[in-house]
Amino acid sequence: MQIRFFATNRDRQNLGRNVDRDTRIKLQKGGYHWVDMKKYMSHYLATTDPSSMPREVIIENSEETVFKQFLCRDAIKRIIIGTHGYNVPFHGALTSFSVLADSLSLVLKKHNSTLITDPDKYFPENLDDANQDLTAFVGFSWPSNGKVLDYHSDRAESVQTAPALANLISCIRTQKPHTKIHIIAHSMGNYLVCPIP
């Protein structure tokens, strides 16, 4: 399954370029931003440049695009946030999350629930049906260097990212307080989810 939306604190230093102050503040709010992975992967496959992401892949109005059109819909009863481990570049996170989503989808079907990773690939009227029992999946990608020898710097980066993940969870709770939130963390992603004091 293709995961459509990632929250991430990667490449934040480049988001301030060529935008006005108000837009920059909006993009930096909470310590993370949303990325449309469909657009990002088109860019990555065309350039094979994992070093940065172009501004057009950043979702400027996440309130509308991610929340109102997806996570806050009546049929969504729970949200799963996936976090990856160390040595994972941004495009690599999509691969690992997609494999995880495929596995989750099979398990949820056995329990009469459906996993949604892209609202555009599901019937919109079903997303508004409160009798539906749907689970939304989004990724959270932190600035892992994608290099085997960068274990210690990746570990520090994962711990420093914890407030951004906490802000994302708080934002979801504010907008849809009764939705269950689950986190699946792989390997070093656990330092992000449960930072060591």
Side-chain angles (χ1 to χ4, degrees), residues 1-10 30 32-41 59 62-142 144 158 161-195:
M1 298 182 90
Q2 180 88 9
I3 312 301
R4 177 71 182 277
F5 300 118
F6 272 24
T8 184
N9 64 331
R10 287 185 188 250
Y32 64 92
H33 51 273
W34 285 97
V35 175
D36 186 323
M37 290 306 289
K38 191 186 294 184
K39 291 179 182 178
Y40 175 80
M41 286 309 291
I59 299 169
S62 60
E63 177 82 25
E64 179 65 32
T65 306
V66 179
F67 288 96
K68 287 185 181 174
Q69 293 182 27
F70 186 31
L71 299 181
C72 289
R73 301 293 279 273
D74 291 338
I76 303 293
K77 301 298 191 282
R78 69 199 61 76
I79 297 168
I80 296 174
I81 303 169
T83 66
H84 56 77
Y86 103 106
N87 189 25
V88 177
F90 195 56
H91 62 280
L94 180 62
T95 303
S96 61
F97 290 157
S98 295
V99 170
L100 174 61
D102 285 337
S103 300
L104 286 170
S105 182
L106 293 173
V107 171
L108 287 171
K109 279 182 186 174
K110 291 180 181 178
H111 297 281
N112 298 319
S113 187
T114 302
L115 185 73
I116 305 296
T117 58
D118 184 346
D120 292 347
K121 297 193 180 201
Y122 200 73
F123 299 108
E125 61 274 10
N126 288 341
L127 290 174
D128 290 325
D129 181 359
N131 294 318
Q132 292 279 324
D133 183 18
L134 304 179
T135 301
F137 187 100
V138 294
F140 189 96
S141 182
W142 51 277
S144 167
S158 69
T161 298
L165 178 61
N167 286 339
L168 170 64
I169 294 168
S170 176
C171 184
I172 293 170
R173 283 266 179 252
T174 300
Q175 299 204 37
K176 201 166 183 202
H178 302 295
T179 300
K180 295 177 182 175
I181 300 172
H182 305 274
I183 300 174
I184 299 177
H186 176 250
S187 186
M188 195 177 283
N190 284 285
Y191 281 103
L192 166 64
V193 176
C194 305

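Ring pair F97/H84 is tilted by interplanar angle, where 30° to 60° counts as tilted. Between F5 and F70, the ring planes are tilted. Angles from 30° to 60° get that label.
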- Message: Let's go through Y40 and L94 carefully: what are the C-alpha distance in whole Å and the side-chain angles of both, what is the deciding distance for side-chain contact (heavy atoms from CB on, under 4.5 Å) to 0.1 Å, and is it a yes or a no?
- Response: CA-CA 10 Å; Y40 175 80; L94 180 62; over 6 Å; no
- Please assess T8 against H33 for the test side-chain contact (heavy atoms from CB on, under 4.5 Å), listing each intermediate value before the final yes or no. CA-CA 6 Å; T8 184; H33 51 273; 3.5 Å; yes
- I would like to know whether L100 and H186 meet side-chain contact (heavy atoms from CB on, under 4.5 Å); could you show each step before the answer? CA-CA 10 Å; L100 174 61; H186 176 250; over 6 Å; no
- Begin with the C-alpha distance, continue with both residues' side-chain angles, and end with the deciding distance and a verdict on side-chain contact (heavy atoms from CB on, under 4.5 Å) for T179 and L71. CA-CA 9 Å; T179 300; L71 299 181; over 6 Å; no
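From D74, atom CG reaches atom CG of D129 across 8.5 Å, with rounding to the nearest 0.5 Å. S158 OG to M188 CE: the interatomic distance, rounded to the nearest 0.5 Å, is 6.0 Å. Note that OG1 of T83 and CG of L192 are 5.5 Å apart. Values are rounded to the nearest 0.5 Å. Distance check, rounded to the nearest 0.5 Å: CD of Q132 to OG of S113 gives 9.5 Å. Here the straight-line distance linking atom OH of Y122 with atom CD1 of I76 works out to 8.5 Å at 0.5 Å rounding. Summarising the geometry, atom OG belonging to S105 is positioned 11.5 Å from atom NZ belonging to K110; distances are rounded to the nearest 0.5 Å.
You'll find the side chain of R173 reaches within 4.5 Å of the side chain of I181, heavy atoms only. With contacts defined as side-chain heavy-atom distances shorter than 4.5 Å, the pair T135/L104 does not qualify.
Counting heavy-atom neighbours within 6.0 Å of K176 NZ, excluding the residue itself, gives a total above 12.
Formation of a donor-acceptor pair under 3.5 Å by the S141 side chain with backbone atoms of F90 is not found in this model. Judged by distance alone, the side chain of S144 and the main-chain N or O of N87 form a donor-acceptor pair under 3.5 Å. Put simply, the side chain of S170 never gets that close to the backbone of A166: no donor and acceptor are under 3.5 Å apart.
For the side-chain hydrogen bond (donor to acceptor under 3.5 Å, both in side chains) criterion with R4, the lone passing option out of T65, D120, T117 is D120. Of the options K180, R78, K77, a salt bridge (charged side-chain N to carboxylate O under 4.0 Å, His left out) to D133 is made by R78 and by none of the others.
The heavy-atom pair separating M1 from L115 by the smallest distance is CE-O, 3.5 Å. Between H91 and M41, the shortest heavy-atom distance links the atoms CB-SD, 4.0 Å. What you find for L134 and N126 is that their closest heavy atoms are CD1-O, 4.3 Å. Here the closest non-hydrogen pair linking V88 and A93 is CG1-N, 3.4 Å. Heavy-atom minimum distance, F67 versus C171: CZ-SG, 3.8 Å. Nearest heavy-atom pair, W34 versus S62, reported as atom, atom and distance to 0.1 Å: CD1-CB, 3.3 Å.
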